[in-house]
2 protein chains.
Amino acid sequence: MESKFAELDSVIHSRVRLAIIILLLQSETADFTFLKKEIGVSDGNLSTHLRKLEETKYIKVQKRFEHRKPKTTISLTDKGREALNEYTKNLEEYLRLVSEGKKL
Amino acid sequence: MESKFAELDSVIHSRVRLAIIILLLQSETADFTFLKKEIGVSDGNLSTHLRKLEETKYIKVQKRFEHRKPKTTISLTDKGREALNEYTKNLEEYLRLVSEGKKL
DNA sequence: TTAAAGTACTTTGTATTACAAAGCTATTTT
DNA sequence: AAAATAGCTTTGTAATACAAAGTACTTTAA
């Protein structure tokens with residue numbers, strides 16, 4: 001480690017993408033509209049964040065038709081889960097440094 | 001709150017700027033070179049991050065000459081300290097959601 | 001004394017990112 | 001059949017992150 005401040009996975013370090021991952025962690029699968037409502041983000045914005053997570057292979061996006069309507073189901077991959085673990089580990093270390101700093 | 005996912009102060013939500021704030025929390029004041037070495041970031045990058053923190057009034061930057069050389073001393077403001085508290089509070093909530101999600 | 005190297009930054013240029021508005025395709029309602 | 005709705009994607013723009021180059025000195029070495 002080059003510095004005591006670990007890198008923070010930039011794909012996860014975004015409010016919207018972290019929220020997406022948390023929701024996927026909780027509900028195993030989710031659809032576009034659900035994520036949109038829970039996070040309170042615009043269609044376009046959500047679309048690009050999902051694209052990014054998919055490119056990084058942190059999520060798997062399954063598109064199919066249900067009742068003749070497009071239905072996108074999104075789920076976390078193992079890679080995504082691992083990346084989240086690493087990310088939260090690092091983040092906790094930052095928080096630890098903060099509370100340590102306050103005590104001095 | 002429009003969503004269960006709180007906003008995360010975008011000024012603080014940056015690895016470099018969070019690191020700057022943590023270092024200031026620990027040592028009260030710091031200079032440019034110290035921050036640069038501790039964080040492992042380029043001159044230009046650090047300069048712009050400091051500028052941003054200064055514009056937001058989260059830090060106070062004092063420039064003076066010491067031993068005929070420019071010496072920049074940086075310290076956290078009360079506003080910065082408050083913003084950090086709010087930020088870490090929200091961040092802890094995200095982490096809580098993560099560990100809650102894992103248990104399900 | 002003056003040229004080269006170092007210190008302590010700031011400015012500039014570029015590539016990446018975040019975001020919303022507008023667009024697209026298909027369906028449902030009137 | 002037209003208008004409204006659903007479920008997205010594409011596009012345009014503004015903000016961000018970053019390193020390379022630049023500025024303004026001071027120190028060292030020849």
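Letters A, B, ... mirror the listed sequences (proteins, then strands); counts begin at 1. Just so it is clear, the model here is predicted, and its values are computed rather than measured.
If you measure from atom CG of A/Leu46 to atom P of D/dC8, you get 9 Å, rounded to the nearest angstrom. Going from atom CD1 of A/Ile12 over to atom P of C/dA18 covers 13 Å, rounded to whole Å. In this structure, A/Phe32 atom CZ and D/dT10 atom P are separated by 12 Å, rounded to whole Å. In this structure, B/Phe34 atom CZ and C/dA8 atom P are separated by 14 Å, rounded to whole Å. Following rounding to the nearest Å, B/Ile20 (CD1) and D/dC18 (P) show an atom-to-atom distance of 11 Å. Protein atom CG of A/Asp43 is 12 Å distant from nucleotide atom C1' of D/dT5, rounded to whole Å. With rounding to whole Å, B/Lys52 atom NZ is found 12 Å from D/dA14 atom C1'. Residue A/Glu55 contributes atom CD, which lies 10 Å from atom P of C/dT17 at whole-angstrom precision.
Residue A/Lys37 places none of its side-chain N or O atoms closer than 4.0 Å to OP1 or OP2 of D/dG7. Under 4.0 angstrom from either OP1 or OP2 of C/dA20 there lies at least one side-chain N or O belonging to A/Asn45. Side-chain nitrogen and oxygen atoms of B/His49 include at least one within less than 4.0 Å of the OP1 or OP2 phosphate oxygen of D/dC18. Applying the 4.0 Å criterion to OP1 and OP2 of C/dA8, one finds that B/Thr33 has a side-chain N or O inside that range.
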Apply the test side-chain hydrogen bond (donor to acceptor under 3.5 Å, both in side chains) to residues B/Asp9 and B/His13: give CA-CA distance (whole Å), side-chain angles for both, the deciding distance (0.1 Å), then the verdict.
CA-CA 6 Å; B/Asp9 186 331; B/His13 196 61; over 6 Å; no

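Residue A/Ile74 is tested with A/Leu35, A/Leu53, A/Leu23, A/Asp31 for a side chain to side chain contact (heavy atoms under 4.5 Å, CB included); the sole match is A/Leu35.
Closest to the side chain of A/Arg51, out of D/dC18, C/dT10, D/dT10, is D/dT10. The listed nucleotides are C/dT17, D/dC8, D/dT16; the one nearest the side chain of B/Arg17 is D/dT16.
The closest donor-acceptor contact from the side chain of B/Arg17 to the backbone of B/Lys52 lies at 3.5 Å or more, if one exists at all. Put simply, the side chain of B/Asn90 gets close to the backbone of B/Glu7: a donor and an acceptor are under 3.5 Å apart.
Side-chain contact between B/Lys102 and A/Asn85 is present, with heavy atoms from C-beta onward closer than 4.5 Å.
Taking for each of A/Thr48 and B/Ser10 the nucleotide of DNA chain D with the nearest heavy atom, the 5'-most of the two is the partner of A/Thr48.
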